[in-house]
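On a predicted model such as this, the values are computed, not experimentally measured, just so you know.
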Amino acid sequence: MTELREITDDVVFGDAVREATERARTHLLGLQHPEGWWKGELETNVTMDAEDLMLRQFLGIRDAQRSEESARWIRSQQRQDGTWANFRGGPADLSTTVEAYTVLKMVGDDPDAAHMARAREYVLAHGGIEATRVFTRIWLALFGEWSWDRLPVLPPEIALLPKWFPLNIYDWACWARQTVVPLTVVWTMQPRRDLGVSVRELRTGTPEPPLASWRSWAGAFQRLDKVLHLLEKIPRTPLRRLSLRRAEKWILARQEADGGWGGIQPPWVYSIIALYLRGYDMDHPVQNKAMAGLDDFTIREQTPHGWVRRLEACQSPVWDTGLALTALLDAGTPDDDPALIRAGNWLLDQEISVKGDWSVRRPDLAPSGWAFEFANVNYADTDDTAEVVLALRRLRHPDPARIDSAVARATAWIEGMQCRDGGWGAFDADNTRTLCEKLPFCDFGAVIDPPSADVTGHIVEMLAAGDDADAAVTRRGVQWLLDNQEQDGSWFGRWGANHVYGTGAVVPALVDADVPTTHPAIRRAVRWLEQHQNEDGGWGEDLRSYTDRSWIGRGESTASQTAWALLALLAAGERGVVVQAGVGWLLRTQREDGGWDESLFTGTGFPGDFYINYHLYRLVFPLSALGRFLSVGDR
């Protein structure tokens with residue numbers, strides 16, 4: 001760290017920070033859409049592209065151009081060992097590799113080609129199709145490459161279960177229930193279409209593993225699944241027909257204005273398939289709207305090897321715009337700047353005024369809030385709402401009453417969404433029943449939405465910024481955060497990677513809520529961040545920390561994670577060499593255009609399974625960190 005200390009002692013350091021901040025601010029302003037919003041690419045993995053082509057093959061609408069461009073993208077993401085991963089630099093993922101291989105063979109890649117042979121060798125060495133996740137085997141079953149009899153039963157009767165009954169659809173997180181309901185239709189009808197090829201060479205022939213002990217939840221549900229398979233052989237009953245109609249109606253009621261479901265890929269594609277099987281052919285308005293919406297999630301890009309096509313799993317304009325506003329305000333942009341007012345007006349227009357699924361648990365709560373996407377009125381979320389309110393409050397808007405009324409509605413909604421234990425989940429209140437996690441179907445991704453430290457932190461920060469630091473709802477949130485600090489002093493990050501993100505969200509919230517910077521929880525967090533700073537001055541945390549604790553706080557430095565650490569340290573009153581070294585890292589790595597490179601994924605969809613590279617994170621968070629560093633120095 002000697003070199004870093006020498007750099008930070010330079011008298012021109014402050015000027016360098018101001019210049020870097022101005023470059024980043026100018027760059028961010030240049031990315032604003034004329035309507036007022038910002039949206040960076042939401043990069044995930046090639047399962048999105050593989051499943052898009054399989055969807056089109058199933059529906060009979062796959063065309064040569066889309067196939068060629070998507071296949072070119074999928075090939076470009078393959079690693080030297082023949083595999084595909086779920087995040088850049090991560091371990092090989094068997095299911096992703098199987099899906100990529102299947103689609104490449106479907107579009108015409110020679111299975112004896114070197115890239116295909118390497119992928120196949122990996123798959124067979126790691127258990128073959130038999131060891132893939134349930135979702136992958138469902139896709140293969142759609143084409144007769146796996147038996148429906150060897151998949152967990154998903155009976156549509158769950159759509160009829162009352163809201164108080166265990167395993168009713170509202171026991172699932174919103175993203176899971178939106179996926180499960182259409183899948184019950186697909187599973188019941190058990191279709192089979194022509195893939196054009198076979199991937200039986202990816203099977204190992206390994207028999208199914210023995211059942212878990214009947215004394216365990218896993219073993220009990222495995223045995224129940226066997227019974228349900230037997231019951232499925234009984235001819236359809238009026239109850240089954242009613243269940244399918246109820247599921248169909250539920251799906252149709254939740255199609256969004258952009259044609260999608262929940263603004264995310266899984267329920268979108270499975271809803272299209274389910275409705276297709278229920279008789280909604282591809283020229284039906286519902287299906288036309290759905291497919292047009294998917295096209296709007298598609299990115300086409302010219303590369304040295306030709307055009308590539310990739311699908312975003314989701315889009316994040318509300319989230320990105322809220323964060324961009326905060327970053328620009330932190331960087332000293334006037335609070336009545338026309339660009340900021342345009343953004344504020346766009347956000348105000350996006351406020352949700354109808355009740356969504358969250359109202360099942362909070363039926364008397366008036367609607368408000370914001371969603372993540374352009375269109376998702378059924379699923380406002382507390383995290384986006386908190387960030388939007390934080391940004392809107394800081395604007396000097398020409399119609400302040402409009403801001404005040406929107407903030408008041410959103411604040412009341414957020415307070416009403418607090419869970420019984422004092423924390424907040426993202427989309428639902430008290431979505432904490434873990435029974436559905438035990439089902440054989442649930443081998444991929446989180447399926448419930450319990451309170452998390454990062455979401456609760458953002459909400460506490462929002463409430464405290466509104467002069468509600470002493471309100472009972474805020475104090476309960478603060479206590480939840482203090483009670484859920486990790487033993488090492490960090491906080492777990494549910495929606496970002498990982499303990500650096502959680503800690504970066506919680507410390508500023510606690511300080512804003514009048515927790516003294518001398519409080520033991522704050523000091524433990526500061527020590528944890530100091531201990532996990534990299535030698536280059538930055539911070540990074542590998543996504544493997546979700547499944548391997550030895551990676552917690554460890555990883556290559558990134559711009560977003562360095563900024564998260566700095567935001568926490570600055571809030572905690574730190575001003576010394578650790579902070580200056582972190583700022584120095586941002587200065588040294590900034591591009592000429594004012595942005596930062598960040599190829600590593602630092603966002604989280606499902607911890608342990610699905611990750612995101614938010615392309616705007618590398619700009620908005622460093623800009624906030626540099627701006628707050630300067631504001632501290634100017635006091």
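- Put simply, the side chain of S560 never gets that close to the backbone of Y617: no donor and acceptor are under 3.5 Å apart.
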Inset, instruction - Under the side-chain contact (heavy atoms from CB on, under 4.5 Å) rule, what do W146 and T136 come out as? Steps first, then yes or no, please. - result: CA-CA 10 Å; W146 190 255; T136 298; over 6 Å; no

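- Note that CD of Q78 is 6.0 Å distant from NE2 of H115, once rounded to the nearest 0.5 Å.
- For the pair V98/L140, a side-chain contact is recorded, criterion being any heavy-atom separation below 4.5 Å from C-beta on.
- Counting only distance, with no hydrogens or angles, the side chain of Q287 and the backbone of I272 share a donor-acceptor pair below 3.5 Å.
- Here D81 pairs with T83 under the side-chain hydrogen bond (donor to acceptor under 3.5 Å, both in side chains) rule; sequence neighbours left out.
- The structure places CH2 of W175 at 8.5 Å from CD1 of I448, a figure rounded to the nearest 0.5 Å.
- In summary, of the residues considered (D609, D93, D443), a salt bridge (charged side-chain N to carboxylate O under 4.0 Å, His left out) with R133 occurs for D93 alone.
- Here the closest non-hydrogen pair linking V185 and A247 is CG2-CB, 3.8 Å.
- Atoms CH2 and OG1, from W172 and T179 in turn, are 10.0 Å apart once rounded to the nearest 0.5 Å.
- Between the side chains of E437 and T434, no donor-acceptor pair of N or O atoms lies under 3.5 Å.
- Within the 4.5 Å cutoff, side-chain heavy atoms of L239 are placed close to those of L160.
- Contact check on R66 versus D52 returns no salt bridge, with no Lys/Arg side-chain nitrogen under 4.0 Å from an Asp/Glu carboxylate oxygen.
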Inset, instruction - Apply side-chain hydrogen bond (donor to acceptor under 3.5 Å, both in side chains) to Y379 and E373, showing your working. - result: CA-CA 10 Å; Y379 299 102; E373 304 87 352; over 6 Å; no

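- For R150, the CZ atom sits in a packed shell: over 12 heavy atoms of surrounding residues, nucleotides or ligands are nearer than 6.0 Å.
- Side-chain N or O atoms of N288 include one that pairs as donor or acceptor with a backbone N or O of D283 at under 3.5 Å.
- Here the side chain of W261 pairs a donor or acceptor atom with the backbone of I251 at under 3.5 angstrom.
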Inset, instruction - Starting from the C-alpha separation in whole Å, work towards a yes-or-no answer on ring pair (Phe, Tyr, Trp, His ring centres under 6.0 Å) for F165 and Y170. - result: CA-CA 10 Å; F165 197 86; Y170 298 102; over 10 Å; no

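- Here E43 does not pair with R310 in a salt bridge; the nearest charged N to carboxylate O distance is not below 4.0 Å.
- Side chains of V318 and F372 form no contact here, defined as non-hydrogen atoms less than 4.5 Å apart.
- In this structure, the separation between CG on L42 and CG on L311 is 10.5 Å, given to the nearest 0.5 Å.
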Inset, instruction - Take Y611 and F87, measure what ring pair (Phe, Tyr, Trp, His ring centres under 6.0 Å) needs, and give me the verdict at the end. - result: CA-CA 6 Å; Y611 301 108; F87 59 93; 5.1 Å; yes

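- Side-chain contact check for P162 versus N168: every heavy-atom pair is 4.5 Å or farther apart.
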Inset, instruction - Given side-chain contact (heavy atoms from CB on, under 4.5 Å), test F610 with N45 step by step and report yes or no. - result: CA-CA 8 Å; F610 190 79; N45 64 71; 3.7 Å; yes

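- At least one side-chain heavy atom of L294 sits under 4.5 Å from a side-chain heavy atom of L55.
- For the residue pair Y501/E541, the side-chain donor-acceptor check at 3.5 Å is not satisfied.
- Side-chain N/O atoms of E145 and S198 include a donor and acceptor closer than 3.5 Å.
- Judged by distance alone, the side chain of W307 and the main-chain N or O of Q65 form no donor-acceptor pair under 3.5 Å.
- With hydrogens and angles left out, the side-chain atoms of E256 and N378 include a donor and acceptor closer than 3.5 Å.
- Within 6.0 Å of the CZ atom in R300, the count of heavy atoms belonging to other residues, nucleotides or ligands exceeds 12.
- Between W38 and D320 the shortest heavy-atom distance is O-CB, 3.4 Å.
- Contact between R137 and E130 at its shortest, heavy atoms only, is NE-O, 4.4 Å.
- Salt-bridge annotation for E208 and K226: present, with a side-chain N of the basic residue lying under 4.0 Å from a carboxylate O of the acidic one.
- Across every non-hydrogen atom of M48 and A313, the tightest pair is SD-CB, 3.4 Å.
- Within 6.0 Å of the CD atom in Q80, the count of heavy atoms belonging to other residues, nucleotides or ligands does not exceed 12.
- Between R177 and D428 there is a salt bridge, since a side-chain N of the basic residue sits under 4.0 Å from a carboxylate O of the acidic one.
- Using the six-membered ring where Trp is involved, W148 and W187 have ring planes that are perpendicular, over 60° apart on the 30 and 60° scheme.
- N498 places none of its side-chain heavy atoms less than 4.5 Å from the side chain of R544.
- Under the 4.5 Å side-chain criterion, counting only non-hydrogen atoms from C-beta, Y614 is not in contact with T602.
- In plain terms, the two heavy atoms of Q178 and P182 that are nearest each other are O-CD, 2.9 Å.
- Taking CD from E99 and OG1 from T96, the interatomic distance works out to 6.5 Å, rounded to the nearest 0.5 Å.
- Contact between P266 and Y270 at its shortest, heavy atoms only, is O-CD1, 2.9 Å.
- Between M189 atom CE and T184 atom OG1 the span is 11.0 Å, to the nearest 0.5 Å.
- No donor-acceptor pair closer than 3.5 Å links the side chain of D542 to the backbone N or O of G555.
- Panel note: side chain R193, backbone L59; no donor-acceptor pair is recorded below 3.5 Å.
- No side-chain donor from either of S70 and D49 sits under 3.5 Å from a side-chain acceptor of the other.
- Judged purely by distance below 3.5 Å, without hydrogens or angles, the side chains of T604 and Y546 pair a donor atom with an acceptor atom.
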Legend entry - L161 and D171: CA distance, side-chain angles, deciding distance, side-chain contact (heavy atoms from CB on, under 4.5 Å) verdict: CA-CA 11 Å; L161 293 176; D171 275 358; over 6 Å; no

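- Using a 4.0 Å cut-off between a side-chain N of Lys or Arg and a carboxylate O of Asp or Glu, R240 and E157 qualify as a salt bridge.
- Using a distance-only test at 3.5 Å, with no hydrogens or angles considered, a donor-acceptor pair links the side chain of D454 to the main chain of R494.
- A salt bridge links R56 with D295; the closest basic N to acidic carboxylate O contact falls under 4.0 Å.
- No donor-acceptor pair closer than 3.5 Å links the side chain of S545 to the backbone N or O of R554.
- Using modelled atom types, one side-chain atom of T97 and one backbone atom of W84 make a donor-acceptor pair closer than 3.5 Å.
- With a 4.5 Å cut-off on side-chain heavy atoms, R246 and W250 do not count as touching.
- Remark: the E598 side chain and the W596 side chain contain no N/O donor-acceptor pair separated by less than 3.5 Å.
- For E556, the CD atom counts as loosely surrounded, since its 6.0 Å shell holds 12 or fewer non-hydrogen atoms of other residues, nucleotides or ligands.
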Inset, instruction - For the pair D383 and W319, evaluate side-chain contact (heavy atoms from CB on, under 4.5 Å) and give the outcome as yes or no after the intermediate values. - result: CA-CA 9 Å; D383 209 13; W319 181 246; 3.6 Å; yes

